[in-house]
Amino acid sequence: MTAGDEHAQRFTHLRPLLFTIAYEILGSATESDDVLQESYLRWAQVDLATVRDTKSYLAQLVTREALKSLRASARRREDYVGPWLPEPLLLDGRDASADVVLAESVTMAMLVLLETLTPDERAVFVLRDVFDFDYDEISEAVGKSVAAVRQVAHRAREHVHARRKRFEPVDSSYAAEITQQFLTAATTGDMDGLMSLMTPDVTATADGGGRAGAARRPITGADKVAAAITGGMRRGLPGMRYEIVTANSAPAVLVYSDDQLQAVFTIEIREGRISRLYAIANPDKLPSITVPRTIAR
């Protein structure tokens, strides 16, 4: 085996893990692919004799590249039109819910919450609380002392825990059932049916990026959300069809006009009812969901 072959073999073996790290830091599958490509170019130049732990080395390399990308995109996100939501992620069919920590880490709710952290806080939280890397490994990845990393980890963990509710894995058959009921009620204009499926304080957030019709602010309350959904369906495009999938460890609906993907709805279920809806309609964010991904930790 040549050195180039060994570089490729090691990187390919760890690619699901490396992609997951980048995606959780960036919230963008497209940017994560770019980070992995740049990371591989750097990795290909490394003398493998100097690498003691390939997983740790590559995780640190990808984290540094992801942080550079995140800081470079900060201005674009500040100027973004309306709410910014992560790119939806279609999993490759493996049951990520078997690993509750991994499943929660890629939910829309968690990724939206991670957006409220600083870049360093986000990277440290992801590496420590999701992937369980040692503080000295994280120190190398983010360029801070171990003592500073411990402080950042504590601050980020408190911030996240104060703002999230306990993750509740949902039985896949029940998730499919409630999603089908939601879709049926939405497409038939059944306001009462829709409201019965949602918690009273349900929140719907839409990301159109100024390029697709979407509410510029989150909508809260079962009556308001139901009205917005049924109104949107009435104004729908011709040839609309729907597909139920699993995206970001949650039930989701793909909305097509003929064969053109128009939007992705992901659904958060809590205590048996829909508590949050996330709608991604920005056309720049939709191509990423056409490629099933493997995640790992």
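Since the structure is predicted, the reported quantities are computational estimates derived from the model, not experimental observations. Residue indices begin at 1 and follow the sequence shown.
The structure places CD of E65 at 11.0 Å from CG of D34, a figure rounded to the nearest 0.5 Å. Atom-to-atom distance recorded for L277:CG and T205:OG1 is 8.5 Å, nearest 0.5 angstrom. For the atom pair CZ of R10 and OG1 of T54, the computed distance is 4.0 Å after rounding to the nearest 0.5 Å.
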With salt bridge (Lys or Arg N to Asp or Glu O under 4.0 Å) as the test, would you mind laying out the steps for E115 and R122 before giving the verdict? CA-CA 8 Å; E115 281 291 308; R122 184 167 185 166; 2.5 Å; yes
Could you walk me through whether R241 and D259 pass the salt bridge (Lys or Arg N to Asp or Glu O under 4.0 Å) check? CA-CA 9 Å; R241 63 181 180 86; D259 291 326; 3.5 Å; yes
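In plain terms, the two heavy atoms of T290 and P292 that are nearest each other are O-CD, 3.6 Å. Nearest heavy-atom pair across L254 and I289 is CD2-CD1, 3.8 Å. What you find for L26 and A66 is that their closest heavy atoms are CD2-O, 3.4 Å.
Crowding of R217 atom CZ: a count of heavy atoms from other residues, nucleotides or ligands under 6.0 Å not exceeding 12. For NZ of K224, the number of neighbouring non-hydrogen atoms (other residues, nucleotides, ligands) closer than 6.0 Å is 12 at most. Around atom CZ of F182, more than 12 heavy atoms belonging to other residues, nucleotides or ligands sit under 6.0 Å away.
Each of R71, R76, K68 was checked for a salt bridge (Lys or Arg N to Asp or Glu O under 4.0 Å) with E31, and the lone residue meeting it is R76. Screening R157, E158, R164 for a side-chain hydrogen bond (donor to acceptor under 3.5 Å, both in side chains) with H161, the sole residue that qualifies is R164.
Remark: side-chain polar atoms of D53 are paired, donor with acceptor, to backbone N or O of K55 under 3.5 angstrom. Under the 3.5 Å distance criterion, the side-chain polar atoms of Y57 are left unmatched by any main-chain donor or acceptor of T50. A donor-acceptor contact shorter than 3.5 Å links the side chain of N248 to the backbone of L89. In this structure, T230 contributes its side chain and A227 its backbone to a donor-acceptor pair below 3.5 Å.
Cation-pi geometry between R297 and F131 is not met: the NZ or CZ atom fails to fall both under 6.0 Å from the ring centre and inside 45° of the normal.
F125 and V112 fall into different hydrophobic clusters, defined by Ile, Leu, Val, Met, Phe, Trp and Tyr side-chain heavy atoms under 4.5 Å apart, directly or through other members.
Between E271 and R273 there is no salt bridge, since no side-chain N of the basic residue sits under 4.0 Å from a carboxylate O of the acidic one. With salt bridges taken as basic N to acidic carboxylate O contacts below 4.0 Å, none links D207 and R216.
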